[in-house]
Amino acid sequence: MQRTSSTDAPVLRLDRITKTFPGVKALDQVQLGLYPGQVTALIGENGAGKSTLVKILTGIYQPDGGAIYVGDDPVSFPTAQDAAAHGITAIHQETVLFDDLTVAENIFLGHAPKTKWGLIDTKAQTRRAKDILQSIGAEIDPGAYLRDLGIASKHLVAISRALSIDAQVVIMDEPTAALSHKEIHELYDLVEQLKAQGKAILFISHKFDEIFRIADRYIVFRDGQFVADGKIADINESALVKMMVGRSVDQVFPKRESLLGTEVLQVVGYDHPTEFEGINFRLHRGEILGFYGLVGAGRSEFMQSLFGITKPSKGVTKVDGKITVIRSPAAAVEAGIVYVPEDRGLQGAIRPMPIFQNVSLASLRRTSKNGFIRLAEEFALAREYTQRLDLRAASLDTPVGNLSGGNQQKVVIAKWLATQPKVIILDEPTKGIDIGSKAAVHEFMAELAAQGLAVIMVSSEIPEVLGMSDRVIVMREGRIAAEVSGDDMTPETLVRHAAGIAEA
Amino acid sequence: MHILKSREMILTGAIVVLMGLVATRFPGFIAPHNLVAVFNDTSPLILLAIGQMIVILTKCIDLSVAANLALTGMVCAMINVAAPGVPVPIIIAIAVGLGAILGAFNGILVWKLDIPPIVVTLGTMTIFRGVIFLISDGKWVNSHEMSPAFKAFPRADFLSLPMLSWIAILMTVIFFVLMTRTTLGRSFYAVGGNPHAAVYTGIDVGKSQFWAFTLSGALAGLVGYLWVSRYAVAYVDIALGFELDVVAACVIGGIAISGGIGSIGGAVLGALFLGVIKNALPVVNISPFWQMAISGSAIIIAIAVNTRAGRTKGRIILKNAEAAQ
């Protein structure tokens, strides 16, 4: 690839940046250099520290150690405004813009041109917005409201905003995750334009084809540490995959003997008009089935439909060999399928409610008669399951909102176990929790399987998927890309199928 | 639970202090017969606050209760005029039924069409008032047109309490059981406390909200008959603006506007607090303009106290704090 404007002096440089969160070292002495007129792809699994890095670069997090240089000058970004003032801007996966403002207002929010009276000069604002939009070839009316634009156009507005503050460094965090094929190509063209204007671009992506299509350089992180960097021209896909996953396995997973029981669940031909297609699999008692894929591969969407929240256009569910119609979450719980959603803060516990009521909430059918709750039975149920999970609380009357995060999680799990399920779906069960709690969740999952429950684990963390699952289904773009088990369960296979890379 | 209990205690204390203050100026205020009169006078507010509390618990609001009450009351009065022989229990059944249907109409719009509750009930509030005008031609139904039995029921004494008060007490008990001991009551708390979590436990959020509106409507309908028969008059504008008192009673009673927190005891005490203020201020010769300002201040102070109570608690993370709880 031709690089006419490249120089060897980075416009932005990170040196030995460290960021620690309670219980986790998110970044450990990482380095990074961004060069004008070049696209640097940041590659790493989930948990490698990419998001933390973006947040440090945009002034949202402060590093605990290390230094940031713009040119040769050491700088710090106490606030997001400081990062913007140094010409750094980020375009996020879900663009952070304002739906109810116009395109021009979005572009100039916070630095709008003013009249001599101190009011916003809307004419100048519209004119300048138009110029910028034109300069990137975007045919968007500056007066249009953002809510009326598609995701691709919103990205263009975000990029225009970046140009309006004269950004030297543009961070793109999985910008293509929600775009159509055509829109992706338009984005590539735009990246080329930004390069031509001498901007330094940090491009975060899980998709290898696009990395090789537009990046000039790569940098690989793993578990918060810098692994390698270099020129894309000097490397191939398999080498990158190896760097990304090749690991010092310091996580220990509980030893399990997989004793597969009878088939408990069979899913046949699940289709959804826009989210997934052709989902077929079987699940056995005592089995942990991992669902791996990139973010947006349709795993959670499928699980929600299996649980009756969204409805598939086609598909049959068999529980214990019997065709079971699941049209609502209530029907799913009745059929013995429960779903522990990803964000337990938002979707799990009912915070103002006392512990015992939270635990019994999904089992009220059993603890009530003719619609009247039998308190003694409700308390007995709550006591049984909170004790099983070793929940520490003085009284079952305590509102769940008063408990610590870990204990809230136990309440949620107790709630699901109390329904005596046959199949439990855990969506990203360890996302965002510290290593100690992770181990406890893994232990617990193994215990559930040992008791004969069938577990479906949706996870984007390869070590977890490999360490816990008996079998792994890899999804990509709404379809099952592969089903792997036994010796085929290697990090390379999973990443290959998830990213759609052909066998080397 | 503990916070709620203490909040109810604070409110009870406030009511007692308030009555004590009034008694220093006007000892007759706390005479038993006057307390009965105050309670009886506040009964409609108590009944409506119970219904409103359930609606607010599910993150909704029902601004149409007063209009519902007026429409149902007018229908009851007109039935009485047209057919004076219809016994009172049948009239009450019609009132509750019609009120429930009007409430269910709100509920359907919120549930099936996903329209924000404030918009729905603002609309139905106006529609209900309009319907009263249409069916009555804007005319009043006066005392002399109503049958004696129709007018006598709410005033009838039973164990030295009027029936109106007895109905408020009965409904408080029934709804206390409903809210604390039934799966339906539990679902209201769940839906308001965390709608997402409620969905995953198999609770239909929209359906629960529908039932909340229906119950609120049924209570409004019941009050419709009681109101019209007690004051022995029905016209388009009865109880105009009363929905605001009802919401205020709930807020004073510690029902969180954001949903999920509240109790029947709170709603009843909130209504009583407002009722005592409204009855006491004229007694101690405070001008009507000051009365409004004082009622308004009570609402703001109540909210300030509620928010502070929620803020200062903090979470239990320390092990010894957990044990001490």
Side-chain angles (χ1 to χ4, degrees), chain A residues 304 307-309 328-334 338-341 343-358 360-365 367-375 378 392-408 412 415-416 419 425 427, chain B residues 1-5 7 57-59 174 177-208 211 254-256 258-263 306 309-325:
Chain A
Q304 296 202 338
F307 189 62
I309 291 182
S328 67
V333 173
E334 186 81 342
V338 302
Y339 182 41
V340 183
D343 186 348
R344 275 168 301 273
L346 184 66
Q347 303 180 323
I350 307 209
R351 293 165 50 88
M353 247 190 197
I355 296 171
F356 78 94
Q357 293 186 1
N358 262 285
S360 68
L361 197 62
S363 318
L364 285 180
R365 231 171 271 241
T367 59
S368 67
K369 198 173 186 183
N370 301 327
F372 283 88
I373 296 166
R374 291 182 287 193
L375 279 186
E378 191 178 21
R392 271 189 304 263
S395 152
L396 292 178
D397 245 357
T398 312
V400 171
N402 289 4
L403 301 177
S404 64
N407 278 340
Q408 286 192 20
V412 173
K415 172 174 75 182
W416 292 122
T419 64
I425 305 168
D427 200 342
Chain B
M1 219 53 184
H2 297 279
I3 305 172
L4 287 181
K5 267 179 194 150
R7 187 176 288 155
L57 216 49
T58 64
K59 284 187 185 287
I174 288 177
V177 173
L178 176 83
M179 294 309 287
T180 55
R181 292 298 171 85
T182 69
T183 51
L184 182 65
R186 193 61 61 74
S187 73
F188 294 139
Y189 283 99
V191 163
N194 186 341
H196 297 279
V199 168
Y200 284 93
T201 50
I203 293 171
D204 190 324
V205 173
K207 201 169 171 182
S208 305
W211 282 114
I255 322 299
S258 52
I261 302 174
S263 67
N306 285 351
R311 204 184 303 139
T312 47
K313 269 282 171 182
R315 282 169 49 180
I316 310 281
I317 295 167
L318 299 171
K319 293 241 165 61
N320 48 4
E322 227 162 51
Q325 208 192 21

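In what follows, chains are A, B, ... by sequence order, proteins preceding strands, each numbered from 1.
Contact check for B:Ile203 versus A:Leu361: side-chain heavy atoms found under the 4.5 Å cut-off.
The residue among B:Gly260, B:Gly185, B:Ala190 with the most heavy atom pairs within less than 4.5 Å of chain A is B:Ala190. Ranked by non-hydrogen atom pairs under 4.5 Å with chain B, the options A:Val333, A:Leu375, A:Asn358 are led by A:Leu375.
Residues B:Gly193 and A:Ile350 come closest through the heavy atom pair CA-CG2, 3.7 Å. For A:Trp416 against B:Tyr200, the heavy-atom pair with the smallest separation is CH2-O, 2.7 Å. Between A:Ala349 and B:Ala197 the shortest heavy-atom distance is O-CB, 4.2 Å.
Contact annotation for B:Leu178: neither backbone nor side-chain heavy atoms come within less than 4.5 Å of a heavy atom of chain A. Using a 4.5 Å cut-off between heavy atoms, A:Ser368 touches chain B through its side chain atoms alone. Only the side chain of A:Phe307 comes within less than 4.5 Å of a heavy atom of chain B; its backbone N, CA, C and O stay farther away. Only the side chain of A:Ser360 has a heavy atom closer than 4.5 Å to any heavy atom of chain B.
To the nearest 0.5 Å, atoms CG (B:Leu184) and CZ (A:Phe372) are separated by 10.0 Å. Between B:Asn194 atom CG and A:Arg351 atom CZ the span is 9.0 Å, to the nearest 0.5 Å.
Using a 4.0 Å cut-off between a side-chain N of Lys or Arg and a carboxylate O of Asp or Glu, A:Glu378 and B:Arg186 qualify as a salt bridge.
Considering B:Thr182, B:Thr180, B:Thr183 as possible partners of A:Ile373, the one that fulfils the side chain to side chain contact (heavy atoms under 4.5 Å, CB included) test is B:Thr183.
Heavy-atom contacts from other residues, nucleotides or ligands closer than 6.0 Å to CZ of A:Arg365 number 12 or fewer.
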